[in-house]
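Heads up: the structure comes next, in structure tokens.
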Amino acid sequence: QVQLAESGGGEVQPGGSLRLSCATSGSIVSINAMGWYRQVPGQQRELVADIIDGGSANYAESVKGRFTISRDNAENTIYLQMNSLKPEDTAVYYCNIVGPVLLPWGQGTQVTVSS
């Protein structure tokens, strides 16, 4: 059974926007802190945004002011609104729990920002 399923990626020009979605198994989002991660081939996977108790969010310095993470507990889904996209945002984006024990990674969704 699929526990994490990312979608919404695609190709966009610099300055454009995308909205990523992560559908999860029941209760995962409501119980855990959740985050969006991204990975470029040959580089370490990095956490770019997370959402915690009360909806408080944290962002990597590279995406502050441009990305917004949100969650829908009823739908067990998290989102990442990405605005003012830059070529350096190009990566495969994944969602997962933020904590000491993570779920198996999903397939991710490719985001490509180019002219």
Side-chain angles (χ1 to χ4, degrees):
Q1 57 184 356
V2 177
Q3 293 180 288
L4 301 168
E6 301 91 346
S7 63
E11 297 184 8
V12 66
Q13 295 182 347
S17 298
L18 287 171
R19 182 175 174 85
L20 308 184
S21 298
C22 173
T24 74
S25 300
S27 300
I28 291 177
V29 170
S30 62
I31 293 174
N32 302 281
M34 300 294 297
W36 282 97
Y37 304 75
R38 68 185 181 189
Q39 187 171 34
V40 176
Q43 299 184 14
Q44 184 177 352
R45 198 191 314 261
E46 65 171 336
L47 179 67
V48 299
D50 64 69
I51 186 164
I52 58 178
D53 186 39
S56 297
N58 299 296
Y59 301 93
E61 185 67 29
S62 59
V63 307
K64 285 181 180 177
R66 301 188 297 117
F67 290 11
T68 303
I69 186 172
S70 61
R71 66 184 175 193
D72 186 331
N73 290 343
E75 297 295 329
N76 296 296
T77 302
I78 64 169
Y79 304 92
L80 186 68
Q81 179 66 46
M82 305 185 296
N83 299 325
S84 302
L85 284 162
K86 304 175 180 180
E88 51 263 45
D89 295 319
T90 296
V92 178
Y93 285 72
Y94 304 85
C95 63
N96 215 319
I97 293 170
V98 176
V101 180
L102 277 66
L103 296 171
W105 297 102
Q107 295 298 307
T109 186
Q110 176 72 48
V111 171
T112 302
V113 185
S114 66
S115 300

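Position 1 is the first residue of the sequence; numbering continues from there.
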Quick check against the 3.5 Å criterion: does Asn83 have a side-chain atom that pairs as donor or acceptor with the backbone of Ser17? no

Do Thr77 side-chain atoms and Asp72 backbone N/O form a donor-acceptor pair below 3.5 Å? no

Any non-hydrogen side-chain atom of Asn76 less than 4.5 Å from a side-chain atom of Thr24? yes

Could you grab the distance from atom [atom1] of [X] to atom [atom2] of [Y], nearest 0.5 Å is fine?
X	Y	atom1	atom2	result
Glu46	Tyr37	CD	OH	11.5 Å
Leu47	Tyr59	CG	OH	11.5 Å
Thr68	Met82	OG1	CE	11.0 Å

Residues which pass salt bridge (Lys or Arg N to Asp or Glu O under 4.0 Å) with Lys86, listed by chain and number, not counting sequence neighbours: none

Mind checking whether [X] and [Y] sit in one hydrophobic cluster, side chains of I, L, V, M, F, W, Y counted as touching below 4.5 Å?
X	Y	value
Leu80	Leu85	yes
Leu20	Val113	yes
Val63	Leu18	yes
Ile51	Tyr79	no

[X] to [Y] - nearest heavy-atom pair and separation:
X	Y	answer
Ser84	Arg66	O-NH1, 3.0 Å
Arg19	Ser70	NH2-OG, 4.3 Å
Ile52	Ala33	CG2-CB, 4.0 Å
Leu4	Cys22	CD2-SG, 4.2 Å
Ile69	Ala57	CG2-CB, 3.6 Å
Trp36	Ser21	CH2-O, 3.5 Å

side-chain hydrogen bond (donor to acceptor under 3.5 Å, both in side chains) contacts touching residues 102-115 (sequence neighbours left out): Gln110-Thr112

Heavy-atom neighbours of Glu11 CD exceed 12 at 6.0 Å: no

Anything under 3.5 Å between a donor and an acceptor, one on a side chain of residues 91-104, the other on a protein residue two or more places apart or in another chain? List them.
residue, atom, partner, partner atom, Å
Tyr93, OH, Arg38, NH1, 2.9
Tyr93, OH, Asp89, O, 2.7
Asn96, OD1, Leu103, N, 3.0
Asn96, ND2, Leu103, O, 2.8

